[in-house]
Amino acid sequence: MQTTYLTTPIYYVNDKPHIGHAYTSLATDVLARWKRLDGHEVFFLTGTDEHGQKVEKAAQDAGMDPQAFTDQVSQSFRTLADRMGFSHDDFIRTTEPRHKAACQALWLELLRRDEIYLGHYEGWYAVRDEAFYGLDELVERDGVKYAPSGAPVAWVKEPSYFFRLSKWQDWLLDFYEKNPNFIAPAARRNEVLSFVRSGLQDLSISRTSFTWGVPVPNDPAHVMYVWLDALTNYITAAGYPDSAAERWKFWPADVHFVGKDIVRFHTIYWPAFLAAAEIAPPKRVFAHGWWTIEGQKMSKSLGNAIDPLALIEEYGLDPLRYFLLREVPFGSDGDFARAALVARNNGELADALGNLANRTLSLIQRNCEGKLPAVAERNAVDDAFFAEIDALPATVGDLLAAQQFHLALEVIFTAVRAANGYITVQAPWALKKTDALRMAVVLRHLHSALRVYATVLQPFMPTTMAALLDQLGVPEDARQLAALATPLPGGTALPPPSPLFRKIEAAT
Ligand code: MSP
């Protein structure tokens with residue numbers, strides 16, 4: 001069986017989850033579900049990043065012990081994952097023993113290969129990003145220096161272990177060239193290339209001014225730099241350092257999904273660490289864009305961070321999942337506006353898809369005694385209608401393989417609109433008296449089309465599409481992509497239809 005390994009970033013537990021976190025994991029979930037539908041054995045990993053200065057400080061601010069604090073916040077990410085319907089196979093926490101063991105094993109391997117040396121770090125550090133910056137990257141306002149992310153930086157001076165990153169510069173450039181799909185989209189790839197070409201310095205990979213981290217083996221005055229610790233999670237979960245582990249077959253990961261803020265860590269440091277330990281690098285890193293809220297940056301200070309749980313409550317889970325991936329091209333920045341969600345829900349889900357299903361299934365109930373008409377020949381008009389539909393699974397598969405979620409939904413809904421055109425022109429309700437045979441054929445064709453839409457939409461809207469497949473009489477073991485090749489037998493009894501989506505009143 002083909003294997004697929006997909007990951008989300010592991011989220012910092014300094015604060016409650018918001019819509020940005022839900023977004024990355026949602027995209028990963030949709031691809032994981034698609035691959036399973038396509039017969040792959042999938043390993044989908046998510047989790048929380050619990051060490052470092054930023055989390056330690058958040059715990060202090062909350063007046064809590066860091067472990068108790070991370071236990072609590074990590075749970076809120078788990079709750080989010082459950083409520084968003086994510087189908088992850090593992091949820092990793094970096095404070096788990098398995099992860100500490102993997103980090104220490106990787107460290108010792110790098111040390112053994114002389115990729116690490118002890119030195120002294122002096123430079124700029126942003127706790128918010130947990131990142132080191134060169135002076136040339138900073139801007140100064142009112143006497144405070146800021147990183148390009150907007151995070152304030154502070155001067156750090158402490159003993160530190162270094163990773164020989166500079167040594168891997170040429171190797172990285174060669175790797176990017178040989179693997180043009182490693183970084184997507186192209187704009188991000190170009191940024192990374194120019195950053196690496198401008199020259200890499202060795203990377204500080206331990207800290208001594210605080211203790212909340214994985215202790216460096218044989219030198220416990222140091223804790224590992226949180227990004228070395230965090231990135232390692234992707235191999236911890238695959239069983240590292242045990243290459244005989246059951247899950248090691250999944251490595252290298254097929255896609256690491258990340259936001260554009262953390263591309264540098266995933267596409268420069270991570271493959272370099274791995275190459276230095278002679279571990280295969282991941283196949284691809286996709287960096288999506290940034291959500292703003294009603295035109296404004298989402299931030300703690302503005303207090304406008306959107307709680308995904310409240311949105312689920314308000315609009316329902318599947319309309320939210322649909323909207324997030326439909327509204328904005330995956331890879332671009334986008335704005336979260338409630339009016340846009342309402343418009344998509346009402347126009348595309350309730351009107352185009354919901355009404356099509358309801359009209360078709362009601363006519364089968366009323367005019368065909370609730371029994372699916374037999375498989376029918378296609379005339380020329382039907383052939384034209386089906387050309388697009390027959391190609392849909394392959395087209396959607398190609399678009400998802402390129403992480404083009406919005407285009408996948410666009411082609412599906414173009415096909416749904418074509419079916420609305422077909423039902424209007426064929427007018428099966430009028431055929432009852434004039435040509436009952438043709439009426440049955442048209443309804444059967446519409447049913448076949450709906451089965452395709454429901455099947456390919458399952459990864460996006462699992463609950464609603466399960467309900468639609470129930471209404472279409474498709475047995476649970478016939479919901480894979482491959483099952484589309486086998487038509488349902490004529491005469492299958494269909495349950496009376498009920499509405500799939502509700503229209504939302506726009507707020508005035
Ligand atoms: N802990 C690190 C990642 C380590 S991975 C080995 C981290 N965590 S984070 O909690 O800050 O989450 C960052 C990720 O959350 C981003 O890369 C992105 O995937 C998502 N988002 C956070 N805010 C976002 C938006 N406003 N918009 C879209 N996604 C955003 O960085």
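Counting starts at 1 for both ligands and their atoms, in listed order. Remember, predicted model here, so these are calculated numbers, not experimental data.
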Q. What part of K260, side chain, backbone, both or neither, has a heavy atom within less than 4.0 angstrom of ligand 1?
A. neither
Q: Taking the side chain as every heavy atom from C-beta outward, state whether P159 and H222 have any pair of such atoms under 4.5 Å apart.
A: yes
Q: Starting from atom 14 (C) of ligand 1, find the nearest protein heavy-atom neighbour and note its residue, name and distance.
A: Y11 CE2, 4.0 Å
Q.
Quick check on H288 - does any of its heavy atoms sit under 4.0 Å from an atom of ligand 1?
A. yes
Q: Decide whether the shortest distance between a heavy atom of Y234 and an atom of ligand 1 is less than 4.0 Å.
A: yes
Q: For W227 and ligand 1, answer yes if some heavy atom of the residue is under 4.0 Å from a ligand atom, otherwise no.
A: yes
Q. Considering only heavy atoms, does D261 approach ligand 1 within less than 4.0 Å through its side chain, its backbone, both, or neither?
A. side chain
**Q.** Side chain proximity check, V55 to H51, heavy atoms < 4.5 angstrom
**A.** no
Q. Tell me, which protein residue and heavy-atom name are nearest atom 27 (N) of ligand 1, and how many Å apart are they?
A. W291 N, 2.9 Å
Q. Is it true that a side-chain atom of S206 and a backbone atom of S160 form a donor plus acceptor pair closer than 3.5 Å?
A. no
(Q) Tell me whether E130 reaches ligand 1 (any heavy atom closer than 4.0 angstrom to a ligand atom). (A) no
Q | Shortest protein heavy-atom distance from atom 19 (O) of ligand 1, along with the residue and atom involved | A | T24 OG1, 2.6 Å
